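Everything numeric in this text was worked out from a predicted model, so none of it was measured.
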Amino acid sequence: MPLPEPPAPARTANRITQAWPHLLLACGCVFSITLLATSYMQSSLGLAAISALRHQATRIDRLDQLQIQLVDAETGVRGYLLSGEPLYLEPYESATARLPETLRLLRAELSPLPEEQSRLLRLVSLVDRKREVMGLAVAAKTMGQQIEGELEGKLLMDDIRALTTELRASLISYGDHNIDQSLENFRHTRLAGILLASGSLVLLILLFAVLQRQHELRDRIADLMAGENKRLDREVRARTSELSSLASYLTNAREAEQARLARELHDELGSLLTAAKLDAGWIARKLPAEVRAPLDERIARLQRTLSEGIALKRRIIDGLRPPLLKDLGLVAALKALVEDYEMGGEFVIHADLPDENSPALPADRSLALYRIAQESLTNIRKYASAKTVRLSLKLEPDTACLEVRDDGSGFANDKLPTVSRHGLAGMKHRVQSFAGRFDLETAPGKGTLIRARIPLGGDSPEID
């Protein structure tokens, strides 16, 4: 029995519930990607801030180097001018030799800062003029001439100190601004990271809750399905039992009705036909010869008709309830059945039956085995186109085994029409009603084997 389909709102709710994990997972992926991008941005900002600090330190270091080299050069020149010792020229010469490289590096460091280019150009010109003034003073001292420009040198040095101080202050301010901007960006990215991480955590919690809810719903659905399956299984078992009982009742009722009809045909119709045949014979004997002569043909035909009616009655009774089965047992009834079918000449039957002196089987088991053999031979005659049939009955201490094998056309068991299965279903039901085993082996072109094993003990189905 199929389960009822849920209504449309319930199906919509189920689809929405099933879509929740996918939606949360998609949001989680977006949050994770955004958090990764934010982390990358924060790392980039940190690297940029560190690089800016390094450049600031390098620029200030270049300025300090420039100022130190100028001080060293000026100190050397003053020592030489005061003492006249060439030893004091070594610091001057060393410092002036390094000044061009220091200026070049300073230009390279300050090139990204357009606002400092004017100060840089002025500083370069002052340094160049200071070098020129110091060079002239050294040359004049060496040649013993009057030294001029000492005041200009002092003023140039003061301007250079002031300009480097301005550049240092500007670079420090620029660096502080970069640091402040980096700190602000750090705060923003940290806040974004906290929000994204919190959102991811909330999504994970929601996803866990939804999955837990779905797990609970699946458990509930599984419990409902298990309960429904158990209910359906009980219902199927109950209906199967009812149908089996009904089939057994119908089978037994049919056998009982056939037995009743056989008795009535034997008792009533048999008596009438026998009496009519005796009366016809008596009338034929009592009629005068001159009266009987014209009626001889009709009287003979009447007697033949009555004899055929009695034979037909006997055949009908044998089909409804074989008297041999009741009087002489199953083995004798099967032998008579084999002889009847062999009279048709359609196929040869090889019978392997026990001795007639074998212990008698219970009447209900004998009737079931006889009907199975009868139905099998009827099916072979109708459908199998067989040439040879083997029928065997083996009696074991607690089991009777009947086998009917033919060399006919066979059939595909799974493709047999439902209507054609009724005879097989009836045989199978007869066997199962005694808790026996029914086997069918067949294939197209390979004949058919029917095997029925019925226990000889146990309860028998009741016949109402």
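- Side-chain atoms of Glu375 and Asn379, non-hydrogen and from C-beta on, do get closer than 4.5 Å to each other.
- In this structure, the side chain of Ser173 does not engage the main chain of Ala169 through any donor-acceptor pair within 3.5 Å.
- No more than 12 heavy atoms of other residues, nucleotides or ligands shown are found within 6.0 angstrom of CZ on Arg390.
- For Glu297, the CD atom counts as loosely surrounded, since its 6.0 Å shell holds 12 or fewer non-hydrogen atoms of other residues, nucleotides or ligands.
- Taken to the nearest 0.5 Å, the CZ atom of Arg213 stands 13.0 Å off from the CG atom of Leu211.
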Is there a side chain to side chain contact (heavy atoms under 4.5 Å, CB included) between Leu369 and Leu334? Walk through the geometry before answering. CA-CA 9 Å; Leu369 292 171; Leu334 289 177; over 6 Å; no
Salt bridge (Lys or Arg N to Asp or Glu O under 4.0 Å) between Arg98 and Glu101, intermediate numbers included: CA-CA 6 Å; Arg98 295 196 305 270; Glu101 180 65 18; over 6 Å; no
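- A pairwise comparison of heavy atoms in Leu330 and Ser366 identifies CD1-O, 3.5 Å as the closest pair.
- The closest side-chain heavy-atom distance from Tyr383 to Phe411 is not below 4.5 Å.
- Taking every heavy atom of both residues into account, Val338 and Ala351 meet most closely at CG2-CB, 4.4 Å.
- Atom CZ of Arg437 is separated from atom NZ of Lys428 by 11.0 Å, given to the nearest 0.5 angstrom.
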Check against side chain to side chain contact (heavy atoms under 4.5 Å, CB included), Leu163 and Arg122: CA-CA 8 Å; Leu163 191 56; Arg122 183 181 173 193; 4.0 Å; yes
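- Listed for the Arg365 side chain is a donor-acceptor partner under 3.5 Å among the backbone atoms of Pro455.
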Given side chain to side chain contact (heavy atoms under 4.5 Å, CB included), test Leu440 with Leu449 step by step and report yes or no. CA-CA 6 Å; Leu440 174 65; Leu449 169 63; over 6 Å; no
Sequence neighbours excluded and cut-off under 3.5 Å, please list the side-chain donor-acceptor pairs for residues 394-406, or say none.
unit_1 : atom_1 : unit_2 : atom_2 : d
Glu396 : OE1    : Arg453 : NH2    : 3.4
Glu403 : OE2    : Arg451 : NE     : 2.8
Asp406 : OD1    : Gly408 : N      : 2.8

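- The CG atom of Leu103 sits 5.5 Å away from atom CG of Leu66, with the distance rounded to the nearest 0.5 Å.
- Distance alone, capped at 3.5 Å, places no donor-acceptor pair between the Asp61 side chain and the Ala57 backbone.
- When all heavy atoms are compared, the tightest approach of Leu63 to Thr164 is CD1-O, 4.1 Å.
- Distance CG/Leu361 to CG/Leu367: 12.0 Å, rounded to 0.5 Å.
- Side-chain contact between Tyr341 and Thr378: present, with at least one pair of heavy atoms (C-beta onward) separated by less than 4.5 Å.
- A salt bridge links Arg187 with Glu184; the closest basic N to acidic carboxylate O contact falls under 4.0 Å.
- Counting non-hydrogen atoms of neighbouring residues, nucleotides and ligands closer than 6.0 angstrom, the CZ atom of Arg168 exceeds 12 such neighbours.
- Listed for the Thr442 side chain is a donor-acceptor partner under 3.5 Å among the backbone atoms of Gly447.
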CA sep, side-chain torsions, deciding dist, call: Leu123, Leu106, side chain to side chain contact (heavy atoms under 4.5 Å, CB included): CA-CA 11 Å; Leu123 179 62; Leu106 184 60; 3.9 Å; yes
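- Side-chain contact between Val348 and Val389 is absent, with no heavy-atom pair separated by less than 4.5 Å.
- Rounding to the nearest 0.5 angstrom, the gap separating the CD1 atom in Ile380 from the NZ atom in Lys387 is 13.5 Å.
- Here the closest heavy-atom approach between residue Val124 and residue Arg107 is recorded as CG1-NH2, 3.1 Å.
- Atoms CZ and CD, from Arg231 and Glu228 in turn, are 4.0 Å apart once rounded to the nearest 0.5 Å.
- Side-chain contact between Phe434 and Asp364: present, with at least one pair of heavy atoms (C-beta onward) separated by less than 4.5 Å.
- Under the side chain to side chain donor-acceptor pair (under 3.5 Å) test applied with Thr102, the options Gln67, Gln69, Arg62 reduce to a single match, Gln69.
- Within the 4.5 Å cutoff, side-chain heavy atoms of Leu353 are placed close to those of Leu391.
- Judged by distance alone, the side chains of Arg301 and Thr305 never bring a donor and an acceptor atom under 3.5 Å apart.
- Salt bridge status for Lys335 with Glu339: absent, with no side-chain N to carboxylate O gap under 4.0 Å.
- Between Phe438 and Met427, the closest heavy-atom pair is CE1-CB, 3.9 Å.
- Between Phe347 and Leu377 the shortest heavy-atom distance is CZ-O, 4.3 Å.
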